[in-house]
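Input: a single structure, listed below in structure tokens.
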Amino acid sequence: MAHFEKANSLNEWLDQRLAVNTLQRVLQTEYWIPKNINFLWAMGMVLAITFGILLVSGIFLLMYYQPNVDTAFDSVNYTIMREVGFGWLWRHVHAVAASVVFLIIYIHMFTGIYYGSYKKGREIIWISGMLLFVAFSAEAFSGYMLPWGQMSYWAGMVITNLFSAGSLELNGVVEWIRGDYVPAQAFLTRFFMLHVLLIPLAILALIGVHFGALRIPHVNNQDGEEFDFDVEAEKYKAGDKKSSKVIAFANDFLSKDMFVVAVYLVFFFYLVFWNYGFAMDPVNFDPADGLKTPAHIYPEWYFLWSYEILRPFSKDIGLIAFAFAQVIFVLLPFLDRSPNAVPARRRGLFFIWFWLMLIDMIALTAMGKLPPEGIYSTIGLVAAVAFILLWIALPIITMFEKKV
Amino acid sequence: MKEFKILAVVVFFSLVTYWLVEPLAHSVLHKHVDSNHFTYADLPALEKTGDVANGKELVMGAGACTGCHSLEVAGISASMDPVTAASSYGVNPPDLSVVGAIYDDKFLAALIKDPASALKVSHKFDPDSGKMHPMTQFYGAGGDMDQEVADMVAYLKSIAPKAEDVTPAVAFENACGRCHSVRYERWTQMGEKPMFKFKKDEYRFDANVLEYQEHLTKYMGKLPPDLSMYYRSRNVHFLETFIEDPQSHMEGTAMPRVGVNAESAEKVIEYLADSADTLRDDRERIGMYVMIFMLVFTVFAYLWKREIWKDLH
Ligand code: HEM
């Protein structure tokens, strides 16, 4: 049995048993962050807060939601929206957070791409981030099934159909996923399980990996500057905070994060109360009807770009292009052959590549929602081909990049 | 400052994306229909001033209106129960007590003279093939037909409540309620569903509604949808223009142009909003409180940041 002295304070008592002081030092007061970062580095905190909001609001919804094809729609639109005190608020918060979280994810991702924060020791951060993107996509898709509206049903139909793998006609796989020939009770119950248990668990685990992967390489900074964290930390601890290149996570970095989070929440609640239409598609307020195909079936805005990579091609090529788009971002650290981990601004051709990729994805997003006719399908096709070509070009242009 | 430049870039690309997938995409996806503000310009204006007393005679007599319609304010109740009426006409003819307040005058006159064309359902009712609209048209009572029609309209208006006294529920029930249910408001095509003490009474009521719906489905070609959530699944502009003229959105649809005036259309939409977006006033109010809280929070967050960072650079 270990030896314990009598503690003189609660803090000491806890420290003996849980090493709270060490924890605080390691996780907060001596967790070093570079000083020269901008508000884009607060996006991770914004994401964590948004996930927290989704978790809490989701738990409240879960108390009244009924995963049954006959009652799901009314449990959401009548019980939660009208009967339950503040049910409408939780629902709007949940739906808007589920949509805005993707805006922040995209900003977070493109920040990483711009500053080259996916290489030189940061590969696992990037890969775990992309896995989080996949997990959030699955979470959003499964959540979208739950109100059992027209878009739930038909998006469920269209997306699960993709698993027949085109000309391979693997209809058995589609039925296996649905648990039925069409989306029905079995489908709803299993997506409910995925949405409220399995995927949130996976997300929590992935967040753990993501944070853990940050510790050794530390976060990047806006000049891509490499410095010795130990030396800078010593300066900071010696009281020379002004010339030290690092700051402590708490309260230095945290105080700036909280300010960014506060501004973000003003924007977020504005959307929740006054501009929620983009996150709660009107079509999904029509109850699911397997006999009535909606005039336009489109996914939520954050899936549009990959949907548009599928659409302009013939069935099989479209599926291959779609599969390519799903995995290619994960490979970014390995496709970028350049030795530089500095802002794109200083990387010549890569700088152009970055903006072309961003504009191309926005073009794909827009065309994914517009009907595939005339000029829209032409732009869609060009943008989809451009997306693939940009990825093929990436290793080549970065190979010739000179060391800066 | 650099951070503001970065923010401007982020905001710019977010707004462009938003504009592309919301306003732009929706303007392309949805047919654009302009509102004519319920002026019913295609219908002839009422030239004659109507005589209420004569109108009353006609409505209850030669006009035969009360043969099919009840007129509760004048003590005339329906000659058939709703299910039997639906089995004869396809739908239960509405009570005429408030029609003078909710329908447009020109429309009422046109309806009396030629229901199928006033309702814009001539494509379904072709007299040549023997398919007549269930509301027989008024062929005149021997005098000047325009005068007689104007008299009836004048009478219907004289017994109707003032337009501002018509509640959203009354407007909806009279103009739309015989065809559409609104289950979130307990409204069925046969009236509001009461709270039943005994299961068997509830089943009986439900069975009657189902039977009514069967007749209605045969009459319309399909069961008119339950409108509980239409205020959110469509937008106000759609509802307005659709009520004004369903054919403008869905050519060949069986839903008639009901001919309500602008005030009543607004009330009908308010009723639909009460069903689908019941707590919208709470949302506005609580939204303001949350915003104020968040702004104060932001100020304190900024002050805290400034306090901490003054030692850092
Ligand atoms: C882990 C905690 C979560 C729980 C317990 C939860 C629970 C629920 C429940 C019960 C619903 C159905 C009620 C409704 O439709 O409003 C729902 C809907 C939804 N959830 Fe979640 N959720 C969680 C996290 C998330 C996350 C992380 C996302 C997305 C990134 C998400 C996206 C959605 C979406 C898009 C809907 C449909 C919203 C609507 O149409 O109103 N959820 N969630």
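So that the names make sense, note that chain A is the first sequence line, chain B the second, and so on, each numbered from 1.
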Worksheet item: Taking non-hydrogen atoms and a cut-off under 4.5 angstrom, which of residues 279-304 of chain B neighbour chain A?
Response: B:Leu279, B:Asp282, B:Arg283, B:Glu284, B:Ile286, B:Gly287, B:Met288, B:Val290, B:Met291, B:Met294, B:Leu295, B:Phe297, B:Thr298, B:Ala301, B:Tyr302, B:Trp304
Fill in: Other residues, nucleotides, ligands: >12 heavy atoms within 6.0 Å of B:Lys218 NZ
no
Response to the item:
Whatever's closer than 4.5 Å to a heavy atom in chain B on A:Tyr114 counts as neither
Worksheet item: Top residue by heavy-atom pair count (under 4.5 Å) with chain B, among A:Met367, A:Lys256, A:Gln222?
Response: A:Lys256
Response to the item:
Rounding to 0.5 Å, atoms CG (A:Asn38) and CE (B:Met1) come to a distance of 9.5 Å
Fill in: Interface residue of largest heavy-atom contact number with chain B, from A:Tyr376, A:Phe268, A:Tyr236, A:Trp301, under 4.5 Å
A:Tyr376
Fill in: Neighbourhood of chain A inside residues 173-207 of chain B, taking heavy atoms under 4.5 Å as contact
B:Arg183, B:Tyr184, B:Glu185
Item to complete: For the residue pair B:Leu20 and A:Thr365, establish whether any side-chain heavy-atom pair is separated by less than 4.5 Å.
Response: no
Discussion item. Nearest 0.5 angstrom please: B:Ile308 CD1 to A:Asn251 CG, how far?
Written reply: 4.5 Å
Worksheet, complete the sentence: Max heavy-atom pairs within cutoff under 4.5 Å with chain B, candidates A:Val283, A:Asp74, A:Asp257, goes to A:Asp74
Discussion item. Can you tell me how far apart CG (A:Asn36) and NZ (B:Lys2) are? Round to the nearest 0.5 Å.
Written reply: 8.5 Å
Worksheet, complete the sentence: If one checks every heavy atom of A:Leu254 against chain B at 4.5 Å, the contacting part turns out to be both
Worksheet item: What do you reckon, is CD of B:Glu266 surrounded by more than 12 foreign heavy atoms closer than 6.0 Å?
Response: no
Worksheet item: By a 4.5 Å heavy-atom criterion (distance strictly below it), what part of B:Ser275 contacts chain A: side chain, backbone, both, or neither?
Response: both
Fill in: A:Phe351 atom CZ: more than 12 heavy-atom contacts under 6.0 Å
yes
Worksheet item: If you round to the nearest 0.5 Å, how far is CG of A:Leu370 from CG of B:Leu24?
Response: 5.5 Å
Discussion item. Among A:Phe73, A:Tyr78, A:Phe269, which residue has the highest count of heavy-atom pairs closer than 4.5 Å to chain B?
Written reply: A:Tyr78
Worksheet item: Roughly how far, to the nearest 0.5 Å, is the OG1 atom of B:Thr17 from the CG atom of A:Leu358?
Response: 7.5 Å
Worksheet entry | Reference residue B:Phe13; test ring pair (Phe, Tyr, Trp, His ring centres under 6.0 Å); the match among A:Tyr106, A:Trp355, A:Phe110 | A:Trp355
Item to complete: Among the options B:Val10, B:Ile6, B:Val16, pick out the one with the most heavy-atom pairs lying under 4.5 Å from chain A.
Response: B:Ile6
Discussion item. Is the shortest side-chain heavy-atom distance between B:Val21 and A:Phe278 below 4.5 Å?
Written reply: no
Fill in: A:Lys242, NZ: over 12 other non-hydrogen atoms inside 6.0 angstrom
yes
Worksheet, complete the sentence: With chain A, the option among B:Pro225, B:Ala25, B:Ala276 that has the most non-hydrogen atom pairs under 4.5 Å is B:Ala25
Discussion item. Heavy atom to heavy atom, less than 4.5 Å: which residues from residues 287-296 of chain A reach chain B?
Written reply: A:His296
Practice prompt. Let me know if B:Tyr231 has heavy atoms under 4.5 Å from chain A in its side chain, its backbone, both or neither.
Written response: neither
Worksheet, complete the sentence: Residue pairs passing the side-chain hydrogen bond (donor to acceptor under 3.5 Å, both in side chains) test with at least one member in residues 19-38 of chain B, sequence neighbours excluded, are A:Lys369-B:Glu22, A:Lys369-B:His26, B:His26-B:His30, B:His32-B:Asp34
Fill in: B:Arg232 vs A:Met81 side-chain heavy atoms within contact, under 4.5 Å
yes
Discussion item. For the OH atom on A:Tyr64, are there more than 12 heavy atoms of other groups (residues, nucleotides or ligands in this structure) within a distance under 6.0 Å?
Written reply: no
Item to complete: Using a strict 4.0 Å threshold on nitrogen-to-oxygen distance, state whether A:Asp286 and B:Arg234 make a salt bridge.
Response: yes
Response to the item:
Looking only at A:Pro371, A:Gly368, A:Ser255, A:Pro282, the option with the highest number of non-hydrogen pairs under 4.5 Å against chain B is A:Ser255
